[in-house]
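Just so you know, ligand 1 is whichever comes first in the structure, and atom 1 is the first atom listed for that ligand.
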Amino acid sequence: MRFSRRCIQVKTLLMLGALGVWLLHLCKDFRDVQTISSHVQIRNDIHQKRKPTTNDLYVFSWQECQRNMSASNASDFNSLPNTIKDFLYYRHCRHFPMLLDFPDKCGGAERSGDVFLLLVIKSSPWNYERREVLRKTWAKERLHNGVWIRRVFIAGTSGSGLETQRMNKLLALEHYEHKDILQWDFDDSFFNLTLKQILFLKWAERNCPNAHFHLNGDDDVFANTDNMVEFLQGLPNNDGSKHLFTGHLIYNVGPIRSPESKYFVPVQVQESDEYPPYCGGGGFLLSGYTASVIYKMSKSIPILPIDDVYMGMCLAKAGLQPVSHMGVKTAGLQLPSESFDNYDPCYYKEILLVHRFIPNEMYLMWSRIHDPHLVCVGDKRMLS
Ligand SMILES: *[C@@H]1O[C@H](CO)[C@@H](O)[C@H](O)[C@H]1NC(C)=O
Ligand SMILES: *[C@@H]1O[C@H](CO)[C@@H](O)[C@H](O)[C@H]1NC(C)=O
Ligand SMILES: *[C@@H]1O[C@H](CO)[C@@H](O)[C@H](O)[C@H]1NC(C)=O
């Protein structure tokens, strides 16, 4: 009798102990969730179109931008494609609320000088597979050669109605796990890429002003970010405080005036037949200093839908030049003959960036160029 009562007491004690441990765990989980949610702002209220309150960090001073009705008095407005009409109606809109943010991406504005290379990757909400493969290949956040590489994907919204909501949920889910998405509430269309770029520069000015360099690129390029870091470290001024803007240099070109082209820019959008020199938008490198100058210039330059040309316009206005880097091949890799293997990792060991790669090629190539047994003979750097 006595024995079994003691047994019950012991059991009770054990159970209470287990309960305590479980409660402790619960508290810890709860703390973790709280920490995450205070760092990651997932703006469900916007998805639900709830009336904004003053607690909504980014919304309280925001009013939906109205269509500019006078845009339709432009000559031959009605003959323009719908995308161009749409562009002209909303050209002046530059403020959109953030749906996903991570203000601490660079460790806060003051400490953002610890970020050597910030990878800024334009990605439309649809491109989940591309983001996943980039996270484990060239865009992995890491310390390389003693300096930090950080990553953000920049996005708007896609689709319409329920589809938009599903896409926003997908991004929110990814962001919850990786904390690497900046999303604004505007339509992520081709002609809104300049808007995306400007919104990012504004974000960088506030949240990451001292990052030394940015790689600004698309989510379908192969970027050898190890080489980029080494190239940037080798510059005479490698703290990002001097002008740098380099990539695949394009000059002596102007707007394409044929309406069938993806890049069609009619006179109603830009009258001048010339573009300033610029770097192809697949990927270019710039210093933190230059990013900040471009943002300042952008405030007084009307938006041009072609984002890379727009960067060139901002540079021109500041009296700065973009320069060519032989290692950036946004028009693809041109090999001397067909007998050369386009996917020979030895080419990719030496370059900075190539357009374009699909996810499985990306994963394979990143792994092959890091293979310690890879043997490359001769110098393949000079191929153009
Ligand atoms: C342009 O549009 C505005 C309003 O949308 C109108 O008041 C104005 O008269 C128009 N100008 C011309 C030249 O048609
Ligand atoms: C609206 O469009 C007209 C005609 O293109 C332009 O002159 C005016 O500056 C635009 N307004 C705004 C607010 O951008
Ligand atoms: C850009 O985004 C705004 C906001 O979603 C939208 O109203 C506009 O139509 C878009 N512009 C283009 C050219 O797609």
shortest atom 9 (O) of ligand 2-to-protein heavy-atom contact is with N68 ND2, 4.8 Å
Are F264 and F191 close enough that their ring centres sit under 6.0 Å apart?
-> no
Output field: ring centroids F153/H178 closer than 6.0 Å = no
Ligand-side contact atoms (ligand 3) for residue partner F191, heavy atom cut-off under 4.0 Å | 13 (C)
What atoms in ligand 3 come closer than 4.0 Å to a heavy atom of F96?
-> 4 (C)
heavy-atom search around atom 8 (C) of ligand 3 in the protein gives D86 OD2, 3.7 Å
Does R135 come within less than 4.0 Å of E177, counting only side-chain N to carboxylate O?
-> no
Are K122 and D218 close enough for a salt bridge, meaning some N to O gap below 4.0 Å?
-> no
Answer yes if Y295 and L193 sit in the same cluster of Ile, Leu, Val, Met, Phe, Trp and Tyr residues linked by side chain heavy atoms under 4.5 Å apart, and no otherwise.
-> yes
Full working for salt bridge (charged side-chain N to carboxylate O under 4.0 Å, His left out) between R368 and D371 = CA-CA 5 Å; R368 290 179 79 191; D371 179 356; over 6 Å; no
Assess the pair Y89 and F77: is the distance between their ring centroids shorter than 6.0 Å?
-> yes
What residue among W184, Y90, F186 forms ring pair (Phe, Tyr, Trp, His ring centres under 6.0 Å) with F96?
-> F186
closest protein heavy atom to atom 14 (O) of ligand 2 is H92 CB, 3.4 Å
F87 neighbourhood, listing ligand 3 atoms whose heavy-atom distance to it stays under 4.0 Å | 13 (C)
Quick one: look up the protein heavy atom nearest atom 4 (C) of ligand 2 and list residue, atom name and how far away it is.
-> S70 O, 3.9 Å
What atoms of ligand 3 come closer than 4.0 angstrom to any heavy atom of F186?
-> 2 (O), 4 (C), 5 (O)
For atom 5 (O) of ligand 2, closest protein heavy-atom neighbour = A71 CA, 4.3 Å
Starting from atom 1 (C) of ligand 3, which protein heavy atom do you reach first, and at what distance in Å?
-> N192 ND2, 1.6 Å
Taking heavy atoms and a distance under 4.0 Å, where does D187 meet ligand 3: side chain, backbone, both or neither?
-> both
Counting both backbone and side chain atoms, is some N or O of S189 under 3.5 Å from an N or O of ligand 3?
-> yes
